[in-house]
Amino acid sequence: MSDMLNIALPKGRLGDKVYALFEKAGFGCPEVLEPGRRLIFEARDAGVRYFFVKPSDVAIYVERGAADVGVAGKDILLEYAPDVYELLDLGLGRCRMCVCGKPDLRDDPRRTLRVATKFSKIARDYYAREGRSVDLIHLNGSIELAPLLGLSDVIVDIVETGTTLRENGLAVLGEVCPISARLIANKVSYKFNYPAVTAFTARVREQCEDAK
Amino acid sequence: MGSTFSDPGAADGVFLRLQGLYRAFGYTRYRMGRFEEYDLYAKNRSFITGSSILTFTDTDGRLMALKPDVTLSVIKNTAPSASLQKLYYRESVYRAADAFSGFSEIQQAGLECLGKLDMYSMAEVVTLAAMSLEAISDRYMLDLTHLGLLGGFFEDSGVPEGAREELTRLAGEKNSHEAGALCRALGLSQEAAGVFLELIHLRAPLEDGVRALSALPLGPTAASALSELARLAIALRGVEGLWLDLSLRADPGYYNGVVMHGFIPGVPTAVLSGGRYDGLVRRLGRDAGAMGFAIYLNLLERLMPEPGDFDADLLLLDDGSDPAALLKKVRELTASGLAVRVDCAAPEGMRFRGTARFSGGELIE
């Protein structure tokens, strides 16, 4: 284990927001804000090393110990169920995992419901809890097209503002769960770097509470 | 679907140290065959980590399995005895962790103690688990919990059956934000919810952790589990690297009482897991207690040093003219401590500190 806390952040808007939060908590690394294509940034004084990865890969980096801690969306954690500690709800990137479809959809429980989604496990778990038989159709993008073209009856997808749904004549039919960014930790790193990880978590928690 | 079969040599050194340790405590070696009737695993499926088992039909028509686990075989194939059965093993098991990763050969070493277990026996197994980790790495942590602590809390606080698995999962994640919300949704008292969050948070050296738990307003069932853990902690005084952490998870259908996971720096998951599994023994029809642990030798590959810059010191390119003289020369060189590879051409992908030719009985630099 190195003496620096390795932190995996998601690339993109969420990563920028999370970095700003961590900077306020006292873990700034000015190089992060410089334009360029670097992926790894180190702030020796603050004892942290940041690296930016694809949002869906953060949990893998943390679970496999390449990062001590990281920030991943709850959607990713529910879908891939990595064996990590989930230490904090950062309250950033808030959105909802929803069931969406045509507003006038009449769900006939005698028929298997066709569900298109990128989040197969989340959808399967949700409908298992509901006791509903479903035909899951795994898609990788443009999920909204599926009910419009008759590929599926509904979709299970992330809804932020609902604009894309409205523009395509779709509506939220039900909420599966709320989503937000979570601070996660590798279980072994947590144990061997306990003082550093818990101090980091406590300072970030304070910032989250101040921001409320 | 790909399969991985690891190099057994990487784990040999570790096992020799473990073997010496287990023998010193009077454990004897248990050896098992590669196959077992599939029925054994079908009846105890949830005990097997992962869901897939390699099966084949034997010549007599029986459905057989490449063993996915050692413990079940140990219980099934050892006869009940008035004395304790203290066994250690090194075996390969075969299983697929999930639907995507393919089957793997997993090398395990470990020990099992079966019979009428008393506090000494439990303390001895925990001590051997700690000493096993110490034999692998000078830095280690052996986390312990007692399943009766969370289970007892659920009983004492009236947590509905349907919510216990979810709360246990959240405890396993140290996920206090969602656990707090679920406690409120379940209508638990503020005091009970506070105790549960304390249980989730707790991580401390074993005796300190026991003291911290003693200060909590636990109900009678959880307090009984704590009492057993406290007696174990006293018996274990002087054993280093023991921590109390209630985030450890284990199937309560098989495990009961003390559960432990061992960790070393550089390996991102537990390298050792085990605990008390009377439930499994009873399920297999024996009236006995049991405790043991397994060490996943495959994971120790991550601790191996990085490969050196060279595969051998010297590459000797031979023209085949005088094999006897060549062999004599190679034996001289290796006796002087050099690693020598003889070949007719430079092998692809290998690196050597130096290269020489051997021709007409002479070494040509």
Side-chain angles (χ1 to χ4, degrees), chain A residues 1-3 6 8 59-70 72 74 77-78 80-92 120-121 124-125 128-129 138 177-198 201-202 204-205 208-209 212, chain B residues 49-50 97-101 133 137-144 162-163 165-166 169-182 197 200-205 208-209 241-249 260-273 296 299 302-303:
Chain A
M1 304 269 163
S2 84
D3 53 347
N6 291 303
I60 297 168
Y61 277 81
V62 174
E63 183 181 32
R64 296 238 168 195
D68 301 308
V69 298
K74 185 67 183 176
L77 301 178
L78 288 172
Y80 298 106
D83 187 19
V84 295
Y85 288 139
E86 185 183 318
L87 301 177
L88 209 53
D89 180 352
L90 299 177
L92 299 172
S120 297
K121 181 177 181 299
R124 192 185 310 116
D125 291 349
R129 285 196 301 273
H138 186 90
C177 60
I179 303 290
S180 56
R182 309 297 167 96
L183 178 68
I184 58 174
N186 174 272
K187 289 188 169 181
V188 180
S189 297
Y190 180 87
K191 295 170 200 300
F192 284 99
N193 296 321
Y194 186 70
V197 175
T198 50
T201 306
V204 172
R205 181 184 283 115
C208 290
E209 280 163 9
K212 276 181 189 169
Chain B
T49 309
D98 55 53
F100 309 106
S101 52
L133 293 170
S137 168
D138 53 358
R139 284 186 71 206
Y140 69 90
M141 288 184 177
L142 182 64
D143 284 11
L144 293 110
E165 189 179 333
E166 179 64 2
R169 186 185 67 76
L170 294 171
E173 294 176 355
K174 290 193 178 286
N175 186 339
S176 52
H177 44 283
E178 288 183 10
L182 183 53
L197 296 183
I200 286 185
H201 272 299
L202 181 70
R203 175 167 184 79
D208 296 349
L242 305 183
W243 291 74
L244 182 59
D245 192 323
L246 275 66
S247 69
L248 303 191
R249 295 184 66 189
M260 54 190 168
H261 287 179
F263 305 91
I264 53 178
V267 181
T269 56
V271 296
L272 177 153
S273 73
Y296 307 110
L299 294 176
R302 293 181 63 122
L303 300 178

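Chain A is the first sequence line, chain B the second, and so forth, proteins listed ahead of strands; every chain is numbered from 1.
Rounded to the nearest 0.5 Å, atoms NE2 (His177(B)) and OG (Ser180(A)) are 7.5 Å apart. Note that CG of Asn175(B) and CD1 of Ile184(A) are 11.5 Å apart. Values are rounded to the nearest 0.5 Å. Of the inter-residue distances, the one linking Leu142(B) atom CG with Lys191(A) atom NZ reads 10.5 Å to the nearest 0.5 angstrom. The CD atom of Glu86(A) lies 8.0 Å from the CZ atom of Arg169(B); values are rounded to the nearest 0.5 Å.
A pairwise comparison of heavy atoms in Val188(A) and Ile264(B) identifies CG1-O, 3.9 Å as the closest pair. Across all their heavy atoms, Phe263(B) and Phe192(A) have their closest contact at O-CZ, 3.5 Å.
Residue Tyr85(A) places its OH atom among more than 12 non-hydrogen atoms of other residues, nucleotides or ligands, all under 6.0 Å distant.
Every residue meeting the side chain to side chain donor-acceptor pair (under 3.5 Å) condition with Arg203(B), not counting sequence neighbours, appears here in chain and number order: Asp143(B), Asp245(B). When the salt bridge (charged side-chain N to carboxylate O under 4.0 Å, His left out) test is applied to Asp89(A), the partners found at least two apart in sequence or on another chain are Arg182(A).
Side-chain N or O atoms of Lys174(B) include none that pairs as donor or acceptor with a backbone N or O of Lys187(A) at under 3.5 Å.
Counting heavy-atom pairs closer than 4.5 Å to chain A, the top-ranked of the candidates Ser176(B), Ala270(B), Ser247(B) is Ser247(B).
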